[in-house]
Structures are given as structure tokens and as C-alpha cells.
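Every chain is numbered from 1 and lettered A, B, ... according to where its sequence line falls, protein lines coming before strand lines.
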Protein chains: 2
Amino acid sequence: MSVVSFDRFSITGESPIYLQILRYVQRGIVAGTIADGEELPSRRVLSALLGVNPNTVQKAYRLLEEEGLAVSHPGAKSYVSFTTEQLSAIRIQLTEDSARRAVESMREMGVSLEEAEALLRRLWKEEAP
Amino acid sequence: MSVVSFDRFSITGESPIYLQILRYVQRGIVAGTIADGEELPSRRVLSALLGVNPNTVQKAYRLLEEEGLAVSHPGAKSYVSFTTEQLSAIRIQLTEDSARRAVESMREMGVSLEEAEALLRRLWKEEAP
DNA sequence: CAAACTGTACTACTTGACTAATACGGCTCC
DNA sequence: GGAGCCGTATTAGTCAAGTAGTACAGTTTG
């Protein structure tokens with residue numbers, strides 16, 4: 001099985017490195033570019049590639065394992081591992097669920113749909129890379 | 001003019017104290033319980049009431065002034081001051097955190113702005129009374 | 001088996017956010 | 001005009017997050 005590629009990954013300094021690594025893998029899983037069973041680069045290899053400390057990568061991998069998206073065993077390689085149920089769960093969790101909370105919050109505050117749309121476009125532009 | 005009451009305010013430790021004070025006033029303004037021109041408790045009085053340092057209150061008041069919701073002059077009392085145009089801006093800002101998380105998630109999942117707008121309108125109608 | 005990898009645990013350093021302590025100068029009102 | 005308020009600036013302490021350095025133990029592979 002192939003190894004997860006981090007060629008399209010770069011550190012931006014806008015958020016903690018370990019979170020950027022975590023989101024990169026999550027995004028890859030949902031986008032289909034990272035498949036179930038794929039091998040993850042070792043902590044040392046990836047840390048050397050990114051120029052950070054192995055523990056920073058370890059933190060990201062530990063979070064992945066806590067979410068059930070990867071499996072790790074002492075001394076052995078780590079692998080991406082998820083079920084189709086988890087995939088849809090992640091998709092919902094990361095998109096519609098957060099959007100629903102935002103909508104609910106805005107409605108409680110009396111924000112109009114037009115204001116919400118304006119806010120959406122503004123935030124979308126702000127978060128652009 | 002009456003003084004802004006903090007009787008219904010209590011520190012929860014879930015977020016910085018100065019932000020809790022800021023949001024309390026913002027919510028009060030949006031809810032209509034705090035009117036334009038009302039007098040704010042002095043930094044020292046409110047800090048003694050809450051059991052925190054005057055500078056913590058000062059930080060909240062300074063943010064209020066930066067947002068144009070209060071006016072302060074050296075040696076004089078501070079007052080709440082806002083226009084009707086600012087009301088909608090406050091409502092949007094109070095929900096901006098959840099909205100920002102939603103936008104961030106959708107961007108990570110590769111959702112386009114158009115799809116996000118469609119999702120927003122759909123969720124908006126679903127939550128309608 | 002042994003070398004070279006692997007994951008993991010522990011400690012330490014750096015940095016920024018948050019809060020506190022203190023001091024200074026301006027307004028107000030008797 | 002002076003006592004007692006007021007807002008403000010400056011400095012310092014506290015704490016957690018993030019990252020780094022190092023060491024230990026297990027697995028793989030030749």
C-alpha cells in the first residue's frame with residue numbers, strides 16, 4: 001500500500017503546525033486522495049521533511065488515532081484507518097453540523113438571512129489563502 | 001441617566017474575564033436592556049464588584065470604545081454610546097465565531113462559496129419556525 | 001541475532017495571552 | 001483649592017499552549 005504524500009502540504013504559521021497536519025489528513029480522507037489502509041510517514045521522516053520536531057507530528061498523529069482515523073502500534077508503522085460510516089460522519093461533522101450551529105446562533109441573535117449571506121462572503125474572503 | 005447594572009453578570013472561567021464583560025454589554029445592547037447614553041460603572045467600582053483587577057475591566061471598556069459602543073475621557077465617567085447602524089454589526093459579530101468555524105470547515109472540505117450559500121439558505125429555511 | 005527503523009514518554013524551553021500591581025494626571029464638586 | 005473620584009499608562013507576574021530535546025522500548029528486516 002502506498003504512503004500518504006505530503007507533497008502538497010506547507011506550513012503557513014496561521015495555526016499550530018500539529019493542527020495543520022491533522023486537517024491536511026482529514027481533508028485528504030474526505031476528498032478521497034487518502035485511502036483507507038494507506039501508510040503514514042513515520043514521525044521522524046515527516047518531521048524532517050517539514051523541518052519540525054518529531055513530537056509535533058506525534059501530536060497530530062495521536063489526535064488522528066483518537067478520532068479513529070489512524071492506527072499506531074509501538075515499533076510498527078502507522079496506517080490510515082477509517083470506515084465508510086466514519087467518512088460520512090466526518091463529512092457531516094465538519095460541514096453541515098458546524099453550519100447548522102452557526103445558523104442557529106445567528107437566528108437567535110436576530111440576524112437576517114441577507115446579513116448572514118454577507119457575513120458568509122466576508123468570512124470566506126478573509127479565510128482565503 | 002441610569003447606570004448599567006451588572007447584577008445579572010457572573011464570571012464563569014470558560015473564557016477571559018474581559019471578554020465576558022464585553023459580551024455582557026454587547027448582549028445587553030442587542031437585547032435592549034442597555035440603552036444609549038447609559039453610564040458605565042467606573043473601572044474601580046466594577047472591578048471591586050467582580051473581584052478582579054481594574055485593568056481587566058479597563059481592557060473590556062477599551063474594546064467597547066474601539067468598537068464605538070462606549071465613550072471615555074480621562075478623569076470623566078464613561079458612557080454607553082451606539083447608533084442604530086451598529087446594532088446589526090454587533091449581532092453579526094456575536095455570531096461570527098460560530099460562523100467562522102463553519103466557514104473554515106467548509107473550506108477544508110472543498111465546498112465552494114456557491115455551495116456554501118446554498119447550504120446556508122437550506123439550513124435557514126429548515127430552522128424556520 | 002543485530003542494525004535500523006518504528007512509536008511513545010518525559011522533561012524543558014519559548015512565547016503569548018491574561019491578569020495584577022502600581023503610579024500618574026485629569027475632572028468634579030463641596 | 002483640595003479631597004476623592006475618574007481614565008490611562010507602564011511594568012511585572014502567572015499560566016497554558018506549542019514546540020523542541022532526549023531517552024526508552026518494541027518491531028521489522030537483512
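When each of A:R62 and A:K77 is assigned the nucleotide of DNA chain C bearing its nearest heavy atom, the one mapping closer to the 5' terminus is A:K77. Where A:G75 and A:L19 meet DNA chain D, the nucleotide closest to each residue was compared, and A:L19 sits on the side nearer the 5' end.
The distance from atom CD of A:Q58 to atom C1' of C:dC10 is 12 Å, rounded to the nearest whole Å. Atom CD in A:E65 sits about 14 Å away from atom C1' in C:dT6, given to the nearest Å. Across the protein-nucleic acid pair, A:Y79 atom OH and C:dT6 atom C1' stand 10 Å apart, rounded to whole Å. One can place CG of A:L46 at 13 Å from P of D:dT19, the figure rounded to the nearest angstrom. Look at NE2 on B:H73: it is 16 Å from C1' on C:dG25, rounded to the nearest Å. For the pair B:L50 CG and C:dT19 C1', the computed distance is 14 Å after rounding to whole Å. Between the NZ atom of B:K59 and the C1' atom of D:dT10 there is a distance of 15 Å, given to the nearest Å. One atom, CZ of B:R44, and another, C1' of C:dC24, lie 11 Å apart when rounded to the nearest Å.
The side chain of A:N53 sits closest to D:dA20 out of D:dA20, D:dT19, D:dT8. Counting only heavy atoms from C-beta on, B:V52 has its side chain closest to C:dA20 among C:dT8, D:dG7, C:dA20. Of the candidates D:dT28, C:dA23, C:dC27, the closest approach to any side-chain atom of B:A76 belongs to C:dC27. Side-chain proximity of B:P16 to the nucleotides C:dT8, C:dC18, D:dT19 is greatest for C:dC18.
Within 4.0 Å of A:Y18, counting heavy atoms only, lie sugar-phosphate atoms of the nucleic acid but no base atom.
No side-chain donor-acceptor contact under 3.5 Å links B:E14 and B:Q20. A:R43 and A:S78 share a donor-acceptor pair across their side chains, judged by distance under 3.5 Å alone.
Residue B:L49 is grouped with residue B:V25 when hydrophobic side chains (ILVMFWY) are merged at heavy-atom distances under 4.5 angstrom, including chains of intermediate members.
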Item to complete: Would you sort out whether B:E67 and B:R62 count as a salt bridge (charged side-chain N to carboxylate O under 4.0 Å, His left out), showing the intermediate values?
Response: CA-CA 9 Å; B:E67 294 180 355; B:R62 183 174 52 81; over 6 Å; no

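Within the 4.0 Å cut-off from OP1 or OP2 of D:dT8, at least one side-chain nitrogen or oxygen of B:R43 is found. The side chain of A:S78 places an N or O atom within less than 4.0 Å of a non-bridging phosphate oxygen (OP1 or OP2) of C:dG7. OP1 or OP2 of C:dT6 lies within a sub-4.0 Å distance of a side-chain N or O belonging to A:S42. Side-chain N/O atoms of B:T56 include one lying less than 4.0 angstrom from OP1 or OP2 on C:dA20.
B:L123 contributes atom CG, which lies 12.0 Å from atom CZ of A:R101 (distance to the nearest 0.5 angstrom).
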